[in-house]
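Encoded as C-alpha coordinates, the structure appears first; notes follow it.
Proteins come first, then strands; the chains are lettered A, B, ... in the order of their sequence lines, and each starts at number 1.
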Amino acid sequence: MPMTIRRLSRLLAREYGESHWWPGDTPFEVIVGAILTQNTSWKNVERAISNLKESELLSPAAIARSRISELERAIRPSGFFRQKARNLKSFAEYVQSTYGGHVDRMRRGDVEQLREELLSLPGIGPETADSILLYALGKPSFVVDSYTRRLLGRLKVPHGGRYEDIKRMFEKSLGTDADMYGEMHALIVIHCKNHCIRSPICRGCPLARDCPSYREQKK
DNA sequence: GTCCGGCTGG
DNA sequence: CCAGCTGGAC
(Lines give C-alpha, C1' and ligand atoms only; values in the text may rest on other atoms or scores of the structure.)
Protein backbone atom coordinates (compact mmCIF):
# COMPACT_ATOMS: atom_id res chain seq x y z
CA MET A 1 0.00 0.00 0.00
CA PRO A 2 1.48 3.39 -0.95
CA MET A 3 2.12 5.63 2.02
CA THR A 4 -0.16 8.62 2.37
CA ILE A 5 0.17 11.50 4.78
CA ARG A 6 -3.00 10.34 6.49
CA ARG A 7 -1.63 6.84 7.00
CA LEU A 8 1.74 8.20 8.11
CA SER A 9 0.12 10.30 10.79
CA ARG A 10 -1.91 7.35 12.05
CA LEU A 11 1.09 5.02 12.24
CA LEU A 12 3.31 7.55 13.99
CA ALA A 13 0.61 8.51 16.49
CA ARG A 14 0.00 4.85 17.30
CA GLU A 15 3.72 4.30 17.88
CA TYR A 16 4.70 7.42 19.78
CA GLY A 17 1.45 8.78 21.21
CA GLU A 18 1.13 12.46 22.00
CA SER A 19 4.27 14.48 22.34
CA HIS A 20 3.20 17.94 23.58
CA TRP A 21 6.31 19.32 22.20
CA TRP A 22 8.11 22.61 21.75
CA PRO A 23 9.04 23.89 25.18
CA GLY A 24 9.01 27.52 26.22
CA ASP A 25 7.46 29.46 29.08
CA THR A 26 6.19 32.26 26.84
CA PRO A 27 5.44 32.71 23.13
CA PHE A 28 8.48 34.96 22.88
CA GLU A 29 10.68 32.26 24.38
CA VAL A 30 9.34 29.83 21.79
CA ILE A 31 10.30 32.28 19.06
CA VAL A 32 13.79 32.71 20.47
CA GLY A 33 14.12 28.93 20.54
CA ALA A 34 12.96 28.71 16.92
CA ILE A 35 15.71 31.08 15.82
CA LEU A 36 18.44 29.57 17.98
CA THR A 37 17.75 25.97 17.00
CA GLN A 38 18.50 26.53 13.31
CA ASN A 39 20.82 23.66 12.36
CA THR A 40 21.58 23.22 16.05
CA SER A 41 20.69 20.58 18.61
CA TRP A 42 18.12 21.55 21.20
CA LYS A 43 20.51 20.74 24.02
CA ASN A 44 22.73 23.65 23.03
CA VAL A 45 19.70 25.90 22.60
CA GLU A 46 18.68 25.16 26.19
CA ARG A 47 22.04 26.43 27.42
CA ALA A 48 21.69 29.59 25.38
CA ILE A 49 18.15 30.28 26.60
CA SER A 50 19.24 29.63 30.17
CA ASN A 51 21.99 32.23 29.72
CA LEU A 52 19.50 34.72 28.29
CA LYS A 53 17.26 34.21 31.33
CA GLU A 54 20.11 34.81 33.74
CA SER A 55 20.96 38.00 31.89
CA GLU A 56 17.31 39.11 31.93
CA LEU A 57 17.34 39.07 28.15
CA LEU A 58 14.17 37.20 27.36
CA SER A 59 11.74 39.92 26.34
CA PRO A 60 11.47 41.90 23.11
CA ALA A 61 12.18 45.14 24.97
CA ALA A 62 15.28 43.80 26.72
CA ILE A 63 16.76 42.29 23.57
CA ALA A 64 15.93 45.37 21.50
CA ARG A 65 17.96 47.57 23.80
CA SER A 66 20.77 45.09 24.47
CA ARG A 67 24.16 45.16 22.80
CA ILE A 68 25.00 42.64 20.13
CA SER A 69 28.16 41.68 22.02
CA GLU A 70 26.10 40.95 25.12
CA LEU A 71 23.69 38.79 23.13
CA GLU A 72 26.55 36.97 21.44
CA ARG A 73 28.05 36.02 24.76
CA ALA A 74 24.75 34.64 26.06
CA ILE A 75 23.77 32.60 23.02
CA ARG A 76 27.24 31.34 22.12
CA PRO A 77 26.46 27.70 23.05
CA SER A 78 23.79 27.56 20.34
CA GLY A 79 26.33 28.14 17.58
CA PHE A 80 26.30 30.58 14.63
CA PHE A 81 26.21 33.09 17.44
CA ARG A 82 27.14 36.18 15.44
CA GLN A 83 24.36 35.92 12.90
CA LYS A 84 21.85 34.66 15.45
CA ALA A 85 22.58 37.58 17.77
CA ARG A 86 21.93 40.04 14.95
CA ASN A 87 18.80 38.16 13.92
CA LEU A 88 17.43 38.02 17.46
CA LYS A 89 17.93 41.72 17.86
CA SER A 90 16.30 42.62 14.57
CA PHE A 91 13.34 40.41 15.46
CA ALA A 92 13.00 42.10 18.86
CA GLU A 93 13.14 45.51 17.23
CA TYR A 94 10.48 44.43 14.79
CA VAL A 95 8.14 43.35 17.61
CA GLN A 96 8.81 46.64 19.39
CA SER A 97 8.12 48.87 16.40
CA THR A 98 5.30 46.92 14.76
CA TYR A 99 3.46 45.40 17.73
CA GLY A 100 4.44 47.70 20.59
CA GLY A 101 6.49 44.91 22.14
CA HIS A 102 3.49 42.57 22.45
CA VAL A 103 3.98 39.22 20.72
CA ASP A 104 0.31 38.40 21.33
CA ARG A 105 -0.73 41.18 18.97
CA MET A 106 0.91 39.26 16.13
CA ARG A 107 -2.00 36.83 16.29
CA ARG A 108 -4.33 39.37 14.75
CA GLY A 109 -4.63 39.57 11.04
CA ASP A 110 -4.09 37.23 8.15
CA VAL A 111 -1.72 34.25 8.51
CA GLU A 112 -0.38 34.52 4.98
CA GLN A 113 0.40 38.18 5.40
CA LEU A 114 2.09 37.61 8.74
CA ARG A 115 4.14 34.81 7.18
CA GLU A 116 5.37 37.14 4.45
CA GLU A 117 6.19 39.71 7.09
CA LEU A 118 8.27 37.17 9.04
CA LEU A 119 10.05 35.98 5.88
CA SER A 120 11.14 39.54 5.17
CA LEU A 121 13.12 39.62 8.42
CA PRO A 122 16.81 38.64 8.36
CA GLY A 123 17.50 35.09 9.55
CA ILE A 124 13.84 34.03 9.28
CA GLY A 125 13.42 31.49 6.50
CA PRO A 126 10.43 29.26 5.72
CA GLU A 127 10.98 26.73 8.49
CA THR A 128 11.60 29.29 11.21
CA ALA A 129 8.63 31.38 10.05
CA ASP A 130 6.32 28.37 10.18
CA SER A 131 7.70 27.26 13.55
CA ILE A 132 6.91 30.70 14.94
CA LEU A 133 3.42 30.76 13.40
CA LEU A 134 2.60 27.26 14.61
CA TYR A 135 4.28 26.83 17.98
CA ALA A 136 4.41 30.41 19.27
CA LEU A 137 1.21 31.82 17.79
CA GLY A 138 -0.96 28.72 17.36
CA LYS A 139 -1.57 29.37 13.65
CA PRO A 140 -2.19 26.43 11.31
CA SER A 141 1.02 26.63 9.27
CA PHE A 142 2.77 23.29 8.75
CA VAL A 143 6.51 23.12 9.41
CA VAL A 144 8.73 21.30 6.90
CA ASP A 145 12.26 20.45 7.96
CA SER A 146 15.11 18.27 6.74
CA TYR A 147 13.70 15.30 8.66
CA THR A 148 10.40 15.64 6.82
CA ARG A 149 12.16 15.68 3.45
CA ARG A 150 14.31 12.69 4.33
CA LEU A 151 11.32 10.69 5.57
CA LEU A 152 9.22 11.43 2.47
CA GLY A 153 12.21 10.51 0.33
CA ARG A 154 12.70 7.14 2.03
CA LEU A 155 8.97 6.40 1.88
CA LYS A 156 9.02 7.53 -1.75
CA VAL A 157 6.02 9.78 -1.25
CA PRO A 158 5.90 11.87 -4.43
CA HIS A 159 6.10 15.63 -3.95
CA GLY A 160 7.20 18.70 -5.87
CA GLY A 161 10.40 19.04 -3.86
CA ARG A 162 10.04 22.69 -2.99
CA TYR A 163 9.30 23.75 0.58
CA GLU A 164 5.90 25.18 -0.27
CA ASP A 165 4.90 22.05 -2.18
CA ILE A 166 5.55 19.78 0.78
CA LYS A 167 3.91 22.21 3.20
CA ARG A 168 0.76 22.36 1.08
CA MET A 169 0.65 18.58 0.71
CA PHE A 170 0.57 18.11 4.49
CA GLU A 171 -1.94 20.89 5.00
CA LYS A 172 -4.30 19.38 2.41
CA SER A 173 -4.20 16.00 4.16
CA LEU A 174 -4.40 17.18 7.76
CA GLY A 175 -7.20 19.75 7.66
CA THR A 176 -6.72 23.15 9.26
CA ASP A 177 -6.13 22.32 12.91
CA ALA A 178 -2.98 23.91 14.35
CA ASP A 179 -2.69 21.32 17.11
CA MET A 180 -2.76 18.54 14.52
CA TYR A 181 0.02 20.24 12.55
CA GLY A 182 2.11 20.68 15.66
CA GLU A 183 1.65 17.08 16.73
CA MET A 184 2.42 15.72 13.27
CA HIS A 185 5.64 17.69 12.88
CA ALA A 186 6.70 16.63 16.37
CA LEU A 187 6.04 12.97 15.58
CA ILE A 188 8.14 13.20 12.42
CA VAL A 189 11.06 14.67 14.37
CA ILE A 190 10.81 12.05 17.12
CA HIS A 191 10.54 9.24 14.60
CA CYS A 192 13.47 10.44 12.53
CA LYS A 193 15.69 10.85 15.57
CA ASN A 194 14.82 7.28 16.58
CA HIS A 195 14.89 5.49 13.23
CA CYS A 196 15.16 7.58 10.09
CA ILE A 197 18.58 9.05 10.72
CA ARG A 198 21.12 9.41 7.94
CA SER A 199 22.01 5.78 8.16
CA PRO A 200 18.62 4.38 9.08
CA ILE A 201 17.87 2.08 12.00
CA CYS A 202 15.09 -0.03 10.52
CA ARG A 203 14.87 -2.57 13.34
CA GLY A 204 11.64 -1.83 15.16
CA CYS A 205 10.61 0.92 12.76
CA PRO A 206 6.81 1.30 12.81
CA LEU A 207 6.88 2.24 9.10
CA ALA A 208 9.13 -0.57 7.86
CA ARG A 209 6.26 -2.57 6.40
CA ASP A 210 5.29 0.38 4.21
CA CYS A 211 8.81 1.61 3.43
CA PRO A 212 10.19 0.95 -0.07
CA SER A 213 13.71 1.79 1.10
CA TYR A 214 13.51 -0.86 3.81
CA ARG A 215 12.28 -3.49 1.35
CA GLU A 216 15.05 -2.65 -1.12
CA GLN A 217 17.66 -2.88 1.57
CA LYS A 218 16.42 -6.26 2.75
CA LYS A 219 17.02 -7.85 -0.66
C1' DG B 1 27.21 25.18 -3.69
C1' DT B 2 29.64 27.32 0.50
C1' DC B 3 29.92 29.43 4.81
C1' DC B 4 28.64 30.07 9.57
C1' DG B 5 30.01 27.32 14.88
C1' DG B 6 29.83 25.59 19.71
C1' DC B 7 28.74 21.41 21.61
C1' DT B 8 27.30 16.52 22.17
C1' DG B 9 27.54 11.67 21.53
C1' DG B 10 29.69 7.81 19.51
C1' DC C 1 38.77 11.95 16.97
C1' DC C 2 34.72 13.63 14.15
C1' DA C 3 29.90 13.42 12.33
C1' DG C 4 25.82 15.76 12.98
C1' DC C 5 22.68 19.20 14.82
C1' DT C 6 14.40 20.47 14.12
C1' DG C 7 18.62 26.52 8.50
C1' DG C 8 19.46 30.73 6.23
C1' DA C 9 22.06 34.03 3.46
C1' DC C 10 24.96 34.85 -0.22
For this session: Decide, yes or no, whether a salt bridge links Glu171(A) with Lys167(A) under the criterion of side-chain N to carboxylate O below 4.0 Å.
Result: yes
Problem set entry | Rounded C1' spacing from dG5(B) to dC2(C) in Å | 14 Å
Exercise. For every nucleotide of nucleotides 4-10 of chain B, 5' to 3': is a protein heavy atom under 4.0 Å from its base (B), only from its sugar-phosphate (S), or from neither (-)?
Worked result: BBBBSS-
Exercise. Looking for any heavy atom pair under 4.0 Å, which part of the strands does Ile188(A) touch: base, sugar-phosphate only, or nothing?
Worked result: nothing
Exercise. Closer to the 5' end of DNA chain C via nearest nucleotide, is it Pro122(A) or Arg150(A)?
Worked result: Arg150(A)
For this session: Nearest 0.5 Å please: distance from the OG atom of Ser131(A) over to the CG atom of Leu137(A).
Result: 11.0 Å
For this session: Quickly, which of Ile49(A), Thr40(A), Asn51(A) forms a side-chain contact (heavy atoms from CB on, under 4.5 Å) with Pro77(A)? Name it, please.
Result: Asn51(A)
Exercise. Taking atom P in both dG10(B) and dT6(C), what distance in whole Å separates the two?
Worked result: 14 Å
Exercise. Would you say the side-chain atoms of Tyr99(A) pair up with the backbone N or O of Asp104(A), donor to acceptor, closer than 3.5 Å?
Worked result: no
Exercise. Below 4.0 angstrom from OP1 or OP2 of dG7(C), is there any side-chain N or O of Ser146(A)?
Worked result: yes
Exercise. In whole angstroms, how far is the P atom of dT6(C) from the CD atom of Glu46(A)?
Worked result: 11 Å
Problem set entry | For atom CG of Asp145(A) and atom P of dC5(C), their distance in whole Å | 10 Å
Exercise. So which nucleotide does dT2(B) pair with, by the Watson-Crick or G-U wobble rule with both distances under 3.5 Å?
Worked result: dA9(C)
For this session: Give a yes or no on whether the backbone of Ser173(A) and the side-chain of Arg6(A) come within a donor-acceptor separation of less than 3.5 Å.
Result: yes
For this session: State whether Asp25(A) and Lys53(A) are salt-bridged, where the test is any N-O pair (Lys NZ or Arg NE/NH1/NH2 against Asp/Glu carboxylate O) under 4.0 Å.
Result: yes
Seminar exercise, completed: When Gly123(A) and Thr37(A) are each assigned the nearest nucleotide of DNA chain C, the 5'-most assignment goes to Thr37(A)
For this session: Starting at atom CZ of Arg162(A), determine the distance to atom P of dG7(C), rounded to an integer number of angstrom.
Result: 21 Å
Problem set entry | Closest non-hydrogen atom pair, Glu18(A) against Glu183(A) | CA-OE2, 3.0 Å
Problem set entry | Rounded interatomic separation in angstrom, taking CG from Leu134(A) and P from dT6(C) | 17 Å
For this session: For Leu121(A), answer base if it contacts any base atom (sugar-phosphate contacts may also be present), sugar-phosphate if it contacts only those atoms, and nothing otherwise; contact means non-hydrogen atoms under 4.0 Å.
Result: sugar-phosphate
